[in-house]
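A short worksheet on the structure shown next.
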Amino acid sequence: MAENYPFPIYFILLIITITRLISTVGKTEQWKSSSSLPIELSSNKISQNLINNPKAIEKASSDYGNLVHDLPAAVFNPTTVNDIVSLIKLSFNSSVPFHIAARGQGHSTRGQAMARDGVVIDMKEFRENNKKNKNVDNIKVFEDTKVGYYVDVGGEELWIDFLYKTLEYGLAPVSYTDYLYLTIGGTLSNAGISGQTFRYGPQISSVHQLDVVTGKGEFVTCSKENNSELFHGVLGGLGQFGIITRARIALEPAPKRVKWVRLLYSDFGAFTKDQERLISMKGINKNSGLDYLEGMLLMHQGPINNWRSSFFPLSDHHRILSLVTQHRVLYCLEIAKYYDHHSENNVNKEIQVLLQGLSYIPGFYYEKNVSFVEFLNRVRSGELKLQSQGLWDVPHPWLNMFIPKSRILDFNSGVFMKIIQKRNITTGPVLVYPMNRNKWDNKMSATIPDDEDDIFYAVGFLHSSGFDNWKAFDAQNREILQYCNDAEIKYKLYLPHYSTQEEWTNHFGPKKWKTFLQRKYEFDPRMILAPGQRIFNNN
Ligand code: FAD
């Protein structure tokens with residue numbers, strides 16, 4: 001056949017054939033395991049951002065929980081927001097759409113950032129790509145006469161980098177998570193809670209505006225005023241309605257230092273009464289009061305100082321331990337008050353006023369004075385220590401719950417005093433602290449107890465386990481949930497994980513579920529996004 005063509009045409013055809021062959025070979029190699037991805041993807045220019053080498057696939061099919069491993073067909077490393085738009089559009093317009101999940105840091109514990117047979121967008125690579133591009137400034141601080149100071153930050157950025165950048169301007173966000181090596185998009189998809197939540201609300205409460213790429217591949221800017229359904233849906237929306245590519249977040253002048261105090265209790269009733277009192281108290285003047293309040297359990301199974309925080313002086317370990325042995329469980333109230341050189345002289349007096357009349361065990365008062373960053377970044381040193389011992393990447397069968405205030409005493413007697421004691425396996429941190437309902441916006445997707453109480457509690461069982469015994473922790477988690485169901489304690493899971501739609505409907509409650517569904521049909525009608533949450537893709 002070749003001899004029928006004049007030389008130049010034959011030559012051109014040969015080149016085209018070879019080019020096609022090379023590109024097909026390239027694609028075959030790129031998507032070995034990707035029969036689930038449509039062929040149109042291979043001819044799209046974004047295919048150059050797709051990889052499926054074993055290392056990338058392995059990373060995208062694991063998370064902090066180390067319990068779920070779903071293999072994606074490919075990993076997507078975007079260089080621009082437009083790449084994300086193109087990827088989602090392509091899936092949306094395909095005859096058979098493929099699943100897409102953004103993976104922030106993969107610090108979920110139940111595969112929530114995975115996409116079996118689909119595509120995982122590696123937001124860490126996106127962040128790294130941005131860093132290489134000198135023209136991209138992804139954390140920008142502004143001042144506005146109406147809203148005050150704010151930052152525009154990429155959804156792929158880490159809270160720690162965001163904090164350092166804003167501190168250069170003497171500013172900082174008001175609401176945090178205990179650990180800052182999490183992405184903006186990842187925590188805003190849940191809520192983002194910590195000891196500041198009672199006062200400033202969860203992180204989702206300080207967001208003014210978002211840029212989101214929806215499940216239709218549309219790039220939308222939204223706020224309470226514009227495209228408000230998308231805005232409210234995405235905040236706490238478990239990644240179901242769009243990928244957050246930018247968030248506008250409120251800032252306040254940053255304090256310099258922190259007075260950090262821990263007090264021990266043997267009586268849970270006194271402990272929660274004091275916690276509740278403290279979160280509703282104003283300090284010496286109306287802008288004061290505490291800046292942070294949490295609480296945790298100390299039990300005989302675990303060390304006095306756990307990996308998340310080393311606080312109690314070695315010389316006191318013995319007397320604290322004998323108290324733990326006597327009572328089986330101690331409750332540690334943890335508070336913090338920020339200050340700077342203007343308020344330095346007053347801070348001790350403020351703390352004194354706030355702590356007056358509290359019922360902690362006399363003589364079991366501990367304090368530290370640290371820099372603002374040291375306080376906020378307190379979990380990092382524990383992480384580095386565990387990493388150096390190879391104990392960070394172990395299974396984490398966590399259970400995080402919100403419990404109505406009216407049932408927290410029952411929760412203590414049924415769970416902390418019975419189930420936990422009986423099973424005798426809990427060694428890691430168990431957190432328990434209250435927050436104010438009025439700091440949460442019910443229009444957002446994040447879900448809290450329906451109870452009429454003005455206060456509810458966050459309880460976190462932050463277990464680390466071996467690879468051979470995580471099931472024992474999961475069995476304990478199930479027993480805790482069963483106890484709550486039997487006792488009619490109307491809890492909500494935080495960082496929820498369910499496997500049936502019935503459970504999800506119960507989780508949101510009928511009204512919120514209806515809104516959640518409507519938003520899903522509007523913004524991700526082909527059910528493309530965040531399949532690892534197993535809300536709409538539960539097989
Ligand atoms: P990922 O786990 O990667 O993703 C979580 C979900 O969000 C997935 O469904 C994913 O698809 C989706 N997603 C990710 N990025 C985006 C985006 N840009 N747009 C839309 N969807 C997106 N949480 C608290 O609230 N308070 C704490 O104090 C706290 N402490 C923690 C401490 C440790 C050590 C760890 C491991 C976790 C902690 N968490 C805490 C939980 C944490 O907030 C969640 O696991 C969060 O999802 C992790 O963020 P990530 O960036 O790793 O998100």
Side-chain angles (χ1 to χ4, degrees), residues 59-60 62-66 68 72 78 81 84 88 99-115 118-124 126-127 153-160 175-197 202-204 210-215 230 233-247 292 294 307-308 376 378-380 382-383 386-387 392-393 396 398 400 402 428-429 431 433 435 445-446 458 460 462-464 494-497 523-524 528-535 537:
K59 188 177 133 199
S62 61
D63 64 15
Y64 183 74
N66 233 320
V68 175
V81 170
I84 298 177
I88 300 183
H99 289 142
I100 298 173
R103 183 184 197 274
Q105 287 292 92
H107 276 340
S108 294
T109 55
R110 304 276 168 170
Q112 287 96 330
M114 296 179 197
V119 175
V120 169
I121 304 180
D122 189 335
M123 300 302 265
K124 181 169 182 226
F126 187 28
R127 191 167 71 237
V153 56
E156 68 285 5
E157 294 293 336
L158 296 180
W159 281 92
I160 184 72
S175 194
Y176 296 85
T177 44
D178 291 345
Y179 171 69
L180 302 180
Y181 289 74
L182 303 168
T183 63
I184 310 296
T187 70
L188 295 186
S189 296
N190 285 295
I193 58 165
S194 181
Q196 295 88 2
T197 306
Q203 289 177 326
I204 50 174
L210 295 169
D211 282 344
V212 174
V213 184
T214 69
L230 182 61
V234 164
L235 293 171
L238 308 173
Q240 293 305 305
F241 311 108
I243 310 263
I244 301 168
T245 55
R246 179 188 62 95
Y292 165 101
E294 284 198 5
W307 67 269
R308 282 167 72 98
L376 293 177
R378 60 199 176 279
V379 176
R380 176 65 167 174
E383 176 203 340
L386 289 185
Q387 276 190 1
W392 181 250
D393 295 320
H396 294 102
W398 282 14
N400 286 279
F402 291 146
L431 307 183
Y433 58 95
M435 37 192 77
S445 298
L462 309 181
H463 296 126
S464 302
Y494 177 58
L495 313 173
H497 51 94
F523 302 115
D524 182 22
I528 288 169
L529 298 175
Q533 298 279 2
R534 291 183 168 75
I535 304 177
N537 326 78

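As the structure lists them, so they are numbered: ligands from 1, and atoms in each ligand from 1.
Annotation: G104 places an N or O atom under 3.5 Å from an N or O atom of ligand 1; distance criterion only. Ligand 1 has a nitrogen or oxygen under 3.5 angstrom from a nitrogen or oxygen of I244. Polar contact with ligand 1: absent for S194 (N/O pair, distance under 3.5 Å). Taking distance alone, with nitrogen or oxygen atoms compared against 3.5 Å, W398 stays at or beyond that limit from ligand 1. The distance criterion of under 3.5 Å between nitrogen or oxygen atoms is met by H107 with respect to ligand 1. No N or O atom of L182 sits closer than 3.5 Å to an N or O atom of ligand 1.
Among protein heavy atoms, the minimum distance from atom 20 (C) of ligand 1 is reached at G242 O, 3.3 Å. In this structure, the protein non-hydrogen atom closest to atom 2 (O) of ligand 1 is S108 OG, 2.6 Å. The protein atom (non-hydrogen) at minimum distance from atom 41 (C) of ligand 1 is L495 CD1, 3.8 Å. Protein heavy atom at the shortest distance from atom 25 (O) of ligand 1 is Y494 OH, 2.6 Å. Atom 28 (O) of ligand 1 has D178 N, 2.7 Å as its closest protein atom, hydrogens excluded (heavy atom only). The single protein non-hydrogen atom nearest to atom 29 (C) of ligand 1 is T177 CB, 4.0 Å, given as residue, atom name and distance. Counting only heavy atoms of the protein, atom 53 (O) of ligand 1 lies nearest to G186 CA, 3.5 Å. Nearest protein neighbour of atom 32 (C) of ligand 1, counting heavy atoms only, is Y179 CB, 3.4 Å.
Looking at Q240 and I528, their side chains never come closer than 4.5 Å, going by heavy atoms from C-beta outward. Inter-residue side-chain proximity for L495 and H107 is flagged as unmet; no heavy-atom pair is nearer than 4.5 Å. For the pair D524/F241, no side-chain contact is recorded, criterion being any heavy-atom separation below 4.5 Å from C-beta on. Counting heavy atoms from C-beta outward, T177 and I193 have side chains that stay 4.5 Å or more apart.
Under 4.0 angstrom from ligand 1, there are no non-hydrogen atoms of E156. Residue contacts with ligand 1, taken as heavy atom pairs separated by less than 4.0 Å, involve N190 solely via side-chain atoms from C-beta onward. With a heavy-atom cut-off of 4.0 Å, H396 does not touch ligand 1 at all.
For ligand 1 and I193, the ligand atoms under 4.0 Å from any heavy atom of the residue are 24 (C), 25 (O), 26 (N), 27 (C), 28 (O). Residue-ligand proximity, G192 to ligand 1, at heavy-atom distances under 4.0 Å covers atoms 25 (O). Remark: ligand 1 atoms within the under-4.0 Å shell around heavy atoms of R103 are 3 (O). Near G239, meaning under 4.0 Å from any of its heavy atoms, are these atoms of ligand 1: 21 (N). The distance from ligand 1 to the heavy atoms of W392 drops below 4.0 Å at these ligand atoms: 34 (C). Applying the 4.0 Å criterion to heavy atoms of I243 picks out, from ligand 1, the atoms 19 (N), 20 (C). Proximity to S189 (heavy-atom distance under 4.0 Å) selects the following atoms of ligand 1: 7 (O), 13 (N), 20 (C), 21 (N), 22 (C). Counting atoms of ligand 1 from 1 in the listed order, those under 4.0 Å from a heavy atom of T183 are 50 (P), 51 (O).
When all heavy atoms are compared, the tightest approach of R127 to E156 is NH1-O, 2.9 Å. Here the shortest heavy-atom pairing between N400 and G460 reads OD1-CA, 3.4 Å.
In this structure, G460 falls outside the shell of residues with a heavy atom less than 4.0 angstrom from ligand 1. Not a single heavy atom of Y176 sits under 4.0 Å from any atom of ligand 1. Residue contacts with ligand 1 leave out W159, since none of its heavy atoms falls under 4.0 Å from the ligand.
Atom CE in M123 sits 8.5 Å away from atom CD1 in I244 (nearest 0.5 Å). Rounded to the nearest 0.5 Å, atoms CG (L386) and CG (D393) are 10.0 Å apart.
Checked by atom type and distance alone, the side chain of N190 pairs as donor or acceptor with a backbone atom of G186 at under 3.5 Å. A donor-acceptor pair is defined here as one N or O able to donate and one able to accept, closer than 3.5 Å; such a pair exists between the side chain of Y494 and the backbone of G192. In this structure, S445 contributes its side chain and G233 its backbone to a donor-acceptor pair below 3.5 Å.
Using bins of under 30°, 30° to 60° and over 60° for the plane-to-plane angle, the ring pair W392/Y179 lands in the tilted bin.
Residues T187 and Q203 have side chains that bring a donor and an acceptor to within less than 3.5 angstrom of each other.
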**Study point:** Residues D63, R110; criterion salt bridge (charged side-chain N to carboxylate O under 4.0 Å, His left out); working and verdict
**Key:** CA-CA 8 Å; D63 64 15; R110 304 276 168 170; over 6 Å; no
Practice item. Apply the test ring pair (Phe, Tyr, Trp, His ring centres under 6.0 Å) to residues W398 and Y64: give CA-CA distance (whole Å), side-chain angles for both, the deciding distance (0.1 Å), then the verdict. Key: CA-CA 10 Å; W398 282 14; Y64 183 74; 5.3 Å; yes
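Heavy-atom contacts from other residues, nucleotides or ligands closer than 6.0 Å to NZ of K124 number 12 or fewer.
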